[in-house]
Amino acid sequence: MNINEWKHLFKLDPAKEISDEDLDKICESGTDAIIVGGTDDVTLDGVLDLLSRIRRAHMVPVVLEISNEEALTPGFDTYFVPMVLNSKEKKYVMDIQQKAIKEYIDMMEYSEVYFEGYCILNPEAKAFQHTNCELPDIEDVKAYAYMAEHVFHLPIFYVEYSGTYGDAEVVREVKAELNDTKLFYGGGIETAEQAKEMKEYADAIIVGNSIYTDIKQSLKTVAAVKEDM
Ligand code: 1GP
């Protein structure tokens with residue numbers, strides 16, 4: 001499992017219902033991994049329920065994106081820890097993360113953990129409001145990308161438009177800033193065409209909400225960005 005080769009990820013929200021049938025389709029879709037993560041009402045029960053249902057019958061790698069410590073549990077293949085770079089509050093950039101490291105340093109030593117530099121660009125997104133973000137312009141975003149790679153040496157820079165389809169030009173310009181840090185794009189992808197458009201610049205795309213609104217179209221985003229399918 002090498003996150004540097006990931007091209008497509010589905011993100012499942014533990015606070016949302018998904019039938020076994022739809023979950024099977026997501027797991028068998030050919031996606032590179034499934035991220036379990038959300039903003040509101042993420043509980044340990046919800047996280048464990050999804051993990052066990054995925055693990056029951058599938059080999060797909062499963063990532064926990066940690067949004068609150070109470071829902072942290074061993075058993076995932078990989079852990080993502082967001083640092084919200086455009087938050088106005090330092091606690092969302094690094095304090096919560098520092099506290100988690102202090103508490104879970106032992107577990108981290110035998111787990112695969114990656115920190116993500118998040119830049120949240122949709123002011124309507126719950127995550128934007130929850131982490132008290134400031135809306136950056138394109139030059140700001142590029143400077144955050146520079147910091148992610150050259151200051152923090154983060155493996156991932158995540159352009160997050162959660163809930164709305166973003167500006168492909170922003171993604172293109174950000175990609176041009178990055179060499180080693182991988183660019184993840186997520187937000188509003190509902191069709192194969194949108195997946196293709198964002199994947200042209202992003203190293204990996206993340207598809208979330210459309211799993212719950214139009215699974216048929218959502219599944220088509222996988223083949224749209226993976227040549228081997
Ligand atoms: C959310 O980036 C992901 O964190 C995916 O966004 O739910 O809008 O697809 P959507």
Side-chain angles (χ1 to χ4, degrees), residues 3 6-18 22-23 25-26 29 31-42 46-47 50 62-68 71 76 78-87 92 114-131 133 135-136 141 144-145 148 154-168 170-171 174-175 182-199 201-222 224-225:
I3 68 152
W6 288 355
K7 296 184 170 74
H8 183 285
L9 300 153
F10 276 123
K11 192 183 280 191
L12 290 172
D13 185 340
K16 289 186 184 160
E17 299 277 330
I18 184 164
D22 285 356
L23 187 61
K25 287 182 189 155
I26 293 296
S29 63
T31 189
D32 293 306
I34 292 176
I35 302 176
V36 172
T39 307
D40 282 343
D41 308 317
V42 176
V47 167
L50 262 185
V62 201
V63 181
L64 180 63
E65 188 170 58
I66 302 165
S67 52
N68 73 58
F76 282 80
T78 302
Y79 294 83
F80 283 171
V81 184
M83 299 170 72
V84 183
L85 302 180
N86 64 316
S87 171
Y92 294 112
Y114 297 95
F115 285 72
E116 308 165 289
Y118 253 73
C119 201
I120 312 181
L121 300 179
N122 173 15
E124 306 298 321
K126 275 187 240 159
F128 184 101
Q129 291 159 6
H130 176 76
T131 58
C133 282
L135 189 64
V141 180
Y144 281 130
L154 294 171
I156 298 163
F157 184 70
Y158 194 133
V159 172
E160 170 70 291
Y161 277 92
S162 182
T164 192
Y165 189 65
D167 184 347
V170 169
V171 184
V174 169
K175 178 62 188 168
K182 293 293 168 193
L183 177 57
F184 282 17
Y185 170 84
I189 295 178
E190 294 174 336
T191 65
E193 290 68 36
Q194 291 173 332
K196 252 195 202 114
E197 182 178 46
M198 289 305 184
K199 179 64 183 70
Y201 311 117
D203 295 296
I205 57 153
I206 293 91
V207 177
N209 197 46
S210 69
I211 299 167
Y212 303 94
T213 55
D214 188 345
I215 188 154
K216 217 168 143 212
Q217 291 298 320
S218 197
L219 288 165
K220 291 186 182 159
T221 61
V222 183
V225 303

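Atoms within each ligand, like the ligands themselves, are counted from 1 in listed order. Numbers here are sequence positions counted from 1.
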J.: Under the 3.5 angstrom rule, does the side chain of Asn209 hit a backbone N or O of Gly163 as a donor-acceptor pair?
T.: no
J.: Measure up the Tyr185 and Tyr165 rings against each other and bin them: parallel (under 30°), tilted (30 to 60°), perpendicular (over 60°).
T.: perpendicular
J.: For Gly186, counting its heavy atoms only, list the atoms of ligand 1 lying under 4.0 Å from any of them.
T.: 2 (O)
J.: To the nearest 0.5 Å, tell me how far Ser162 OG sits from Phe128 CZ.
T.: 12.0 Å
J.: Go through ligand 1 atom by atom and flag the ones less than 4.0 Å from a non-hydrogen atom of Gly187.
T.: 2 (O), 5 (C), 6 (O), 8 (O)
J.: Give me the nearest non-hydrogen protein atom to atom 9 (O) of ligand 1 as residue plus atom name, then the distance to 0.1 Å.
T.: Gly208 N, 2.9 Å
J.: To the nearest 0.1 Å, how far is atom 7 (O) of ligand 1 from its closest protein heavy atom, and which atom is that?
T.: Asn209 N, 2.8 Å
J.: Can you figure out which of Gln194, Glu65, Glu160 has its heavy atom closest to atom 4 (O) of ligand 1?
T.: Glu160
J.: For Ile211, is there any backbone N or O sitting under 3.5 Å from a side-chain donor or acceptor partner on Asp22?
T.: no
J.: Is the closest side-chain heavy-atom distance between Tyr212 and Leu12 below 4.5 Å?
T.: yes
J.: CG of Asp13 to CD of Glu65: how many Å apart, nearest 0.5 Å?
T.: 11.0 Å
J.: Do Val63 and Trp6 make a side-chain contact, defined as non-hydrogen atoms from C-beta onward lying under 4.5 Å apart?
T.: yes
J.: For Val207, is at least one N or O under 3.5 Å away from an N or O on ligand 1?
T.: no
J.: Pick one of side chain, backbone, both or neither for how Tyr161 approaches ligand 1, counting any non-hydrogen atom pair under 4.0 Å.
T.: neither
J.: Quick check: does Ile206 get an N/O under 3.5 Å from an N/O on ligand 1?
T.: no
J.: Any heavy atom of Gly188 sitting closer than 4.0 Å to ligand 1?
T.: yes
J.: Just to confirm my output: which protein heavy-atom neighbour is closest to atom 3 (C) of ligand 1, and how far is it?
T.: Tyr158 OH, 3.3 Å
J.: For ligand 1, find out whether one of its N or O atoms is nearer than 3.5 Å to an N or O atom of Lys11.
T.: yes
J.: What distance separates Leu121 CG from Tyr161 OH, expressed to the nearest 0.5 Å?
T.: 4.5 Å
